[in-house]
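Residue numbers begin at 1 in each chain, while the letters A, B, ... track the order of the sequences.
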Amino acid sequence: MTSVPSYTPSTSELLADEAAFKRSLRNRHLRGTLWKRFFQLSLVVAFAALIALFFNVVNAALGYVVEDYAVNPTLLAVDGQLETLSSAELVTYLVEYRENRLPVFIRDYLYPGDPALFTSTPLGQALPGATLPEGTADLTVRDVTTEQMAQILESNATQSTLVALVKEQVVQPVFLATYSMTESLFGYDAIYENWEANYKDLGAILKWYSWVNLDFLTSPASSNPAVAGINVALLGTIWVVFATICIAFPIGVGAAIYLQEYTDLKPGSFGARLSNIIETNIRNLAGVPSIIYGLLGLAVFVRLLVDITGGRTIWSASLTMALLILPVIIINAQEALRAVPSSLREASYGMGATKLQTIRKVVLPSALPGVLTGTILAMSRAVGETAPLIIIGASTFILTAPTGMQSKFTVLPITIYNWTSRPQQEFRDAAAAAIIVLLVILLLLNATAIILRQRARRRLTA
Amino acid sequence: MASPYEAGRETSQPQVSGDGAVVTASQTTQSLTKHARPFEAFVRLLLTICGLISILTTIGIVLVLLSQALTFFNNNQPFTFNLDNVFNGTITLQQALEALLAEIGVVISNVWAFLTGTKWQPQTGEIGFLPLLNATLLTSFWAIVVALPLGLGAAIYLSEYAAAGTRDRLKPVLEILAGIPTVTYGFFALTFMTPILRGVFGTDNVQVYNMLSAGLVMGIMILPTIASMSEDALSAVPRSLREASYGLGATKFETIGKVILPAALSGLTAATLVGISRAIGETMIVALAAGANPLPALTLNPLQPGETITGHIARISGGDLPYGSINYNSLFALGLALFLFTLIINLISQRVSKRFREVYQ
């Protein structure tokens, strides 16, 4: 056993450039670590932006308000709970306090047509399908008595509409001051002192207020932010998105099947070239700014096809939206179809099935989860899209919920846009509340997509 | 033998409906030759039509934009050229052609005025769109200043550094950012970014509506697009290139900077171009936060209000615009410019990314 002499080189024995190498290696690693921190920072910034965005919305939608009334609601109902009143009682208050405005209420909340023509149209024509007091169908609104107008309101307006009306027109709450959530939490003393000094003697009350509440969801728009709600906009969004999907889903999935399944074309043939062109075209369409679709909708659906769509209506909106989300649906559905293993198709052909049978019974069922997920993603795009609807002229201020495809409409994002662009802070707060509702809808949609996908996957593997 | 495939011509049985109805197996003579299936052909035709709708959309966009824009450039008059008049003998062919030439001359000079003029006021005949373009480019520039380094940084971190678990936890952040409606970003720009900017640079220097706020928030909006496309490009770089670089003694960061980024360059370029095109076409953020008047003079200062092409289209079309009015038609001229602009950028991006796909397959 010979022992190997242990040998440790002293620093001086190291090669000069090795020392330099070690130094530079340290620097290289240092530089690497610094850059890694920068890359991490990018994600931190993105995360911070997301938090700031949510915080900013919640901050505006909660907080103290100083509220005052023209008529205290406790005089009208127990504890001021207007919701507990019957339609008849609500109408009595409207007659008592706002008698001369009754025709305007009927026009704004029951009459779907052109406001300018209302006073000259017989009630039977102006309010089709409405229950009218005996003998008033041929009279215009000028010729009926107050009692008859009250009857019309009572029997045709929903109770929640009447509650909103009494609130807006009789109670007339106003917010004399509003505070953000942070101001309310960290500066309560100042808010209280300010209220005592300036508002207490007016009889105004200081209260914690959430802009998102039941009244907000059930009331129509108003020029008074204290009673403005998103009911009509919410219904408009539901109408438009539902109609959009009904139009775009069959077309989009059909196009995807055509592009993905009918590939038995001879290369260079007309059919093959057509598929190629369509494919390129869809990719380019996906990059066209949404506002351009709005211009297309304005010229074609609103103007050219006015006899079918009725102009600036849900028809025009949903057709425009359908064209807009079509590329999204097609691309997603194609991906889902592509993911179906070709062995399944071969097996089906091997059993003697035709192409269509294979697609219907084999390919589509297994691609369904992917197709549905893609459709719901396209749906959430349609829910949030604003610009094209502004271009085709969605109304910003309407009080009647849509009743059909030819109704005028407004949607949630347009209400948000409209309220945000007003200078009053109260409307910005209301816009924040509407944003919360919009984000919740999107959250629900995406959650549905995930659940659907998982359920369908489980069924397929079972 | 109950296969619809073999439902022969000679059988007396009812033919398969194409719906999967089972044919009874009592046929004796069967032909395996291909035969017409009208229902299948019909469905195929329907599906082809579905595919064609996307082409119709494109044609519709181009036709609508071009025809209205041409009317706008023809001093908002419809074109008078009509061969019927020539056949009627009302005017000679020469007169008709001369009139057409004169109109083409008008259109060309107006297009030139559109592209070079520095004042946008169609009612008074000032149709230079440079102020609108200026604001569009300025906001998009600031958006890219935010989104490119951050998006690229996030992509590099996700694809090169993060473990699979971390990646799965971090990616939803970007996905949520991508799913937020743009009107929400507009609200954010106006009520969060603008007050911060005014606090930093002083309320005298920063207007309530300013292009910087809109641009920065737009940067956050396109960040997920750039990040996810860049991440795809980075993860498409083959592992062997990384291994070779490590084998030569390069550190992780050197590998990223000298090997992976150059290899993914075309994909990264494509991502950036798509981001730019989205920024140029974005409407709601600029409509809410950037201002509601065309720039009075060309500028590079983002702290003042300025109206972009999209913002202008959104504002003008907000009311009940009379059809055929000069403002109505001007929307389509602006739309055409916007469409061509984004189309060219998207086409370049597709060309670039196709090249990158070809290299590593």
Side-chain angles (χ1 to χ4, degrees), chain A residues 28-29 31-32 35-36 38-43 45-47 49-50 52-53 56 60 251 254-255 257-259 262 277-278 281-285 287-289 291-292 295-296 299-300 303 323 326 352 354-357 361 380 384 386-387 390-391 393 413 416-417 420-421 428 431 435 438 442, chain B residues 3-5 18 20 37 40 43-44 46-48 50-51 53-55 57-58 60-61 64-65 68 150 153-154 156-157 161 170 173-174 176-177 179 181 183-184 186-188 190-192 220 223 251-254 277 281 283-284 288 310 313-314 317-318 323 331-332 335 338-339 342-343 346:
Chain A
R28 285 161 64 198
H29 278 300
R31 204 176 318 139
W35 276 99
K36 183 184 172 184
F38 169 76
F39 299 143
Q40 255 173 343
L41 189 70
S42 319
L43 275 165
V45 171
F47 191 60
L50 191 61
L53 203 140
N56 181 47
I251 299 178
I257 294 174
Y258 170 75
L259 291 173
Y262 288 91
I277 293 173
I278 293 177
N281 183 49
I282 288 169
R283 229 173 305 132
N284 283 323
L285 276 182
V288 172
I291 196 165
I292 302 282
L295 290 173
L296 175 72
V300 176
R303 226 185 131 185
L323 292 185
L326 211 48
T354 64
K355 180 142 218 147
L356 188 59
Q357 287 166 339
K361 302 261 161 88
S380 37
T386 325
I390 291 181
I391 308 299
I416 296 170
Y417 169 64
T420 309
S421 51
R428 300 250 168 104
I435 287 177
L438 184 68
L442 290 176
Chain B
S3 152
Y5 225 113
R37 296 177 196 281
E40 300 237 338
V43 170
R44 184 177 186 144
L46 272 186
L47 296 177
T48 317
C50 290
I53 284 181
S54 81
I55 291 196
T57 311
T58 310
I61 288 176
V64 161
L65 292 180
Q68 306 278 12
L150 291 182
I156 294 175
Y157 186 80
Y161 289 97
L170 288 176
V173 174
L174 295 177
I176 295 173
L177 272 181
V183 69
T184 309
F187 180 85
F188 181 64
L190 193 60
T191 62
F192 187 85
I220 298 173
L223 193 157
T251 64
K252 184 149 201 157
F253 172 67
E254 285 160 350
S277 128
T283 310
M284 296 321 295
L288 278 171
T310 50
I313 297 178
S317 60
Y323 299 138
L331 296 183
F332 293 87
L338 188 67
F339 176 70
T342 50
L343 183 71
N346 284 336

Contact check, side chains of [X] and [Y], non-hydrogen atoms, under 4.5 Å:
X	Y	answer
A:Leu442	B:Pro181	yes
B:Thr58	A:Asn284	no
B:Leu343	A:Val288	no
B:Phe253	A:Arg28	no
B:Thr310	A:Pro289	no
B:Thr57	A:Leu285	yes

- Message: Testing the basics here: between A:Ser42 and B:Gly153, what is the closest heavy-atom pair and its distance to 0.1 Å?
- Response: OG-CA, 3.4 Å

- Over all atoms of both residues, closest heavy-atom pair of A:Ala60 and B:Phe187: CB-CZ, 4.4 Å

- Query: Is it the backbone or the side chain of B:Thr191 that comes under 4.5 Å from a heavy atom of chain A, or both, or neither?
  - Reply: both

- Task: Using non-hydrogen atoms and a 4.5 Å limit, figure out which bit of B:Leu190 sits close to chain A: side chain, backbone, both or neither.
- Result: side chain

- Message: Quick one: does any side-chain atom of B:Asn346 pair with a main-chain N or O of A:Gly287 as donor and acceptor, under 3.5 Å?
- Response: yes

- Note on the structure: With chain B, the option among A:Leu43, A:Ile251, A:Asn56, A:Ile390 that has the most non-hydrogen atom pairs under 4.5 Å is A:Asn56

- Message: Consider side-chain contact (heavy atoms from CB on, under 4.5 Å). Of B:Ile55, B:Ile53, B:Thr48, which one does A:Ile278 pass it with?
- Response: B:Ile55

- Where on A:Ser380 is there a heavy atom nearer than 4.5 Å to chain B: the side chain, the backbone, both, or neither? neither

- What orientation do B:Tyr161 and A:Phe39 show, parallel under 30°, tilted 30 to 60°, or perpendicular over 60°? tilted

- Query: With a 4.0 Å cut-off, would you call B:Glu40 and A:Lys355 a salt bridge?
  - Reply: no

- Query: Around A:Phe47, counting heavy atoms of other residues, nucleotides and ligands shown, do more than 12 lie under 6.0 Å from its CZ?
  - Reply: no

